[in-house]
Amino acid sequence: MDSDFYRRLSEWATPGDSSRRAWLVQRLHLDLPLLLIGLVLFAGGATVLYSVDAGGGYLRQQFVFLGLGLVSMLVVAQLPPDLLRRWAPLAYFGSLGLLVVVLLVGVSAKGAQRWLDLVYLRFQPAEVVKLALPLMLAAYLGDRAMPVRFHHLLAALALLALPVGLILLQPDLGTAILVACIGLAVLFLAGLGWRYILAAALTLPILAGFAWLRLLHDYQKQRVLTLLNPQEDKLGAGWNIIQSNIAIGSGGWTGKGWLAGTQARLDFLPESHTDFIIAVLAEEFGLRGVLLLLAGYSLLFARGMWISYHAKNSFSRLLAAALTFALFAYVFVNMGMVSGILPVVGVPLPLVSYGGTSLIATFITFGMLVAIAREREDLYAK
Amino acid sequence: MSDRQKIQRLGHQQALVRRRLWMLASVLAIMLGGLAARFYSLQIGQHEKFATLAHENRVQVRPVAPVRGRILDRNGVTLAENRPSYGLSVVPTQVRDMPALLVALDELLGLSAAELAQFAEQRRRPRRLHESIPLRFRLSEREVALLAVNEHRLPGIRVQVKLLRHYPFAAQFAHSVGYVGRIGTAEQARIAAARYQGTHVIGKSGIEKQYEDQLLGRPGYEFVEADAHGNRLRVLQRQDATPGSDIQLSIDSRLQREAHRLLAGRRAALVALRVATGEVLALVSVPSYDANLFVTGISHADYDALLAHPDRPLFDRALLGQYPPGSTIKPLFALAGLAGGVVDAATEIDDRGKFQLPGELRIYRDWKRDGHGRVNLHTAIEQSCDTYFYHLGHQGGIDLLSDYGRRFGLGVKTGLDMPAEEAGLMPTRAWKQTARQLPWFPGDTINAVIGQGFSLATPMQLAQMTANLARRGHSIRPALRLPPPGTAAVREQLVDLDPAHWDLVWGAMQAVVHARRGTAASLGRGMAYRMAGKTGTAQVVGIAQDGEYDSAQLTEFQRDHALFVSFAPAEAPQIAIAVIVENGEVAAALAAPVARRLTDIWLGHAPPNLNLEARGGL
């Protein structure tokens, strides 16, 4: 049924006739399903944000970010994917440069240097890496033979290791793992042999053990321990998880109603407008609301996968899939951490959490997906 | 590579990526399903548990302290009340930098070392999250204004109106009404914590302690919605506290205050009892102290000053002071002599000022150097003739005397409704054997019969003894709390004597006040009623065998205590009084006029002095 729905949607969006609407869509390079789902998710997020925005102006600011995001999307959507492929090294090394800069002059928060303080907004270079790394890997592997060869694999791993290492230096373990997963997903899609995958599955636990003993900072270990037993430290590190679980659990099926979430509005819930906003939604709109949100994200991922499936060449296929996987990873890690099955990693919920960097990065992702989708349609149009 | 091969290779690559895409999509779908399952488990499976936790988060149960009952005198005059007062407290969880806050507050208000120490000690005690800790109980209007202006830079402070215990007469009832103070660590362990929710003070002494249970009341509860920072947003539900009961005392503040005024500057005690009921009409110990000092925690400097004061203002002389009763005991022993058949109305001796036990060298002197001449029982009481009583005691023996003494309440606690009371001492043979490991010597009896030697009594006991005489051998347990109207006092018969004996002793006691040669003769001048009384002098230091009491050679604290007991009117006694003025020497001059003045007021023969200052000094 989904594919039927998408078929009808894309027929509607495809310039089969000369209607003015279709012309506009084509000229502006829009992907209406993507845009529609994105805006609906944003609207849901804004509704929840209003509930915890005690006159703080977050909501107004978020709409400004939305505007910036839409403009970024339109600009990126106009670029031919081939241009993206050629610029990939620039974006990649640019993002590495930003990671170096943040290590040198970044703003510290909670023991880690992650932010660049620009005049208008605080800026998290890891978000740029989230886009630049899939771009670089897709560009590199898209030109190579598939399944991926061993020396290509080594090169790809090196491309992956550089940003991951720099992020670890901040130190930000969660984001580093997230970025690594996105890179590994590209390798997987590029046909990484099963024996490599098996070998990795065997060596990773050993590496993890080594990391635990030698590399992890105390606060990172604390986060993992807190995950295992949040009751241990009720007022300290466990507070966030306990309070978010209480918020989610007390929401029940129907929720307490919009603007009626006591956990969120009485400040028991930390970071209620950014990383923990899903807990507010779960408290006020219940499991119904959570499932609706998950359904929205599922449609979004399906559209991304669809674009990848129908992309013109390997680069576009890998890029679209990798970008979609990155979005998924953010959603999964965020919801997993807030609901207490993953450690607390500072990851926003795309389109829903308050925050400019995340929102604009998401719309740039949309722009790239649109560019890939357009490329194929342009091909058909010819 | 041919185009055909190239296209084929590209086709293979497309198929490979598409296969992997399907795999990835399946994994993502499973993971999304896992997320949904997790939320289902939290929101449906464990919903009730988390709903309860959310409720507990949001709703705080706050105790509402009950208003402590007032303490009133018999006419409804307030002796202890509650006054609203601004207090400063700090919520530590809302303070970012406690040392800086305390420095800032010190600059504004000037915090004392004691306040800071007390605050630090309270911070160490366990308490609820976001509970405030008092820093200063009384703020002046200026201080309240200062804090209001600076509130923005002092996060975590609370200025609240609280009811504070207040004693309008400050010192005049400090020993009887007592005072409240902060609950100490020892008390904390003893009290039922549930009843003291929200209450910071407890009765420490006097009536405040004795009737703590009734005065306290029961706390109420408020269900308050509060945010994560402990800010109270609204009251969801409220159960009011039950205020404590007022306690009405039998004390007449007119008598109490007049006694304080007349005894000011002395070390003295006075107890006045209502003869018919045992009600305590005045319970005075001077010097006293300002009970209000203790309410919010007395400063070390103030407390040390009170402790170090030579006149011992903290000491309740009326109930805890034990003095030799001296000659005030003579009417009682006269009754004992009459009842025991040792003397009768006609028994006479020739007093030459000396008494010697047969076969002993020691000379027991009369207070009057040359003696009183021919003396019978009446004149012996009237003029307080020691020699007559030496004879009576010697012939009657200590067993008779101590039997009568104990019957009339000497050596036994009166059972007054106060937390502490001394028993005094009415010596017996058995007591001396136990306490001193010595047999009773005849000379001990000679000392005992004039209320010296081992004998000790509190002013309260002397008043009770006098009231028992005024009731002709009936005892009523004295009480500070006014009994409900219509309650008949429980009377206990102590002795059953010939009325003629009573008439004889009462008559002699009236002669003390009203006869020309009575030891308090000047007192009876202009008296509109007849008073029965007895003076007494209690030696503080022993006088050598041949020595003579010379006031000029003794320091103030070595001089004799002056005592006076009385009841009036003699036809139908209503009020019994015992007064002691430490080192006052001349009973008739110092102690007796106070007793007369109070009796005048009680019997309605003199207007009470209404120009008294409300706040008595120490």
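Numbered from 1 within each chain, the chains take letters A, B, ... in sequence-line order.
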* CD1 on A:I341 to CG on B:L35, rounded to 0.5 Å -> 5.5 Å
* Asked: Distance-only, no hydrogens or angles: does the B:Q43 side chain make a donor-acceptor pair with backbone N or O of A:A282 under 3.5 Å?
  -> yes
* Structural part of B:I44 lying under 4.5 Å from a heavy atom of chain A -> side chain
* **Under 4.5 Å from any heavy atom of chain A - which part of B:A29** => neither
* To do: Might you work through the side-chain hydrogen bond (donor to acceptor under 3.5 Å, both in side chains) test for B:N57 and A:Q243, ending with a clear yes or no?
  => CA-CA 9 Å; B:N57 257 350; A:Q243 295 304 331; 2.7 Å; yes
* Asked: Hey, is CH2 on A:W253 packed in by over 12 heavy atoms from elsewhere, all under 6.0 Å?
  -> yes
* Asked: Is the number of heavy atoms from other residues, nucleotides or ligands under 6.0 Å of A:Y309 OH greater than 12?
  -> yes
* Part of A:A247 lying under 4.5 Å from any heavy atom of chain B -> neither
* B:R38 side-chain N/O to A:S339 backbone N/O, donor-acceptor pair under 3.5 Å -> yes
* Asked: With a 4.5 angstrom heavy-atom cut-off, which part of B:R58 approaches chain A: side chain, backbone, both or neither?
  -> both
* To do: Give, for atom CZ of B:F39 and atom CE of A:M335, the distance between the pair rounded to the nearest 0.5 Å.
  => 4.0 Å
* To do: Calculate, to the nearest 0.5 Å, the distance between atoms CD and CZ belonging to A:Q263 and B:F50 respectively.
  => 10.0 Å
* About how many Å separate CG of B:L21 and CZ of A:F188, when rounded to the nearest 0.5 Å? -> 9.5 Å
* Structure fact -> Heavy-atom closest pair (A:L291 atom, B:A36 atom, distance to 0.1 Å) is CD2-CB, 4.0 Å
* Once you round to the nearest 0.5 Å, how far does NE2 of B:H55 lie from OG1 of A:T262? -> 10.0 Å
* Please look at A:L189 and chain B and tell me whether the side chain, the backbone, both or neither of the residue comes under 4.5 angstrom of a heavy atom of that chain. => both
* To do: Examine whether an atom of B:E48 lies under 4.5 Å from a heavy atom of chain A, and if so say whether it belongs to the side chain, the backbone or both; otherwise answer neither.
  => neither
* Asked: Can you say whether A:L192 sits under 4.5 Å from chain B via the side chain, the backbone, both, or neither, judging by heavy atoms?
  -> both
* Under 6.0 Å from the OH atom of A:Y196, do we count more than 12 heavy atoms belonging to anything else shown? -> yes
* Asked: Roughly how far, to the nearest 0.5 Å, is CG of A:N313 from CD of B:Q14?
  -> 10.0 Å
* Structure fact -> Turns out that what part of A:Y297 lies under 4.5 Å from chain B's heavy atoms comes down to neither
* Would you say the side chain of A:F325 lies within less than 4.5 Å of the side chain of B:L28, judging by non-hydrogen atoms? -> yes
* Using a cut-off of 6.0 Å, state whether more than 12 heavy atoms not belonging to A:R149 lie near its atom CZ. => no
* Asked: Given the options A:I246, A:V290, A:D267, which has more heavy-atom pairs under 4.5 Å with chain B than any of the others?
  -> A:I246
* Asked: So which heavy atom on A:S250 is nearest to which on B:A51, and how close?
  -> CB-CA, 3.7 Å
* If you draw the axis of the six-membered ring of A:W194, does the NZ or CZ of B:R20 fall within 45° of it and under 6.0 Å from the ring centre? -> yes
* pair A:L287-B:H47: side-chain heavy atoms closer than 4.5 Å -> no
* Does any non-hydrogen side-chain atom of A:F328 lie less than 4.5 Å from one of B:L32? -> yes
* Asked: Considering residues, nucleotides and ligands other than A:R195, do more than 12 of their heavy atoms fall under 6.0 Å from its CZ?
  -> no
* To do: Could you look at A:S314 and say if it's the side chain, the backbone, both or neither that has a heavy atom under 4.5 Å from chain B?
  => side chain
* Asked: Who among B:Q13, B:M23, B:H12 has the most heavy-atom pairs with chain A under 4.5 Å?
  -> B:Q13
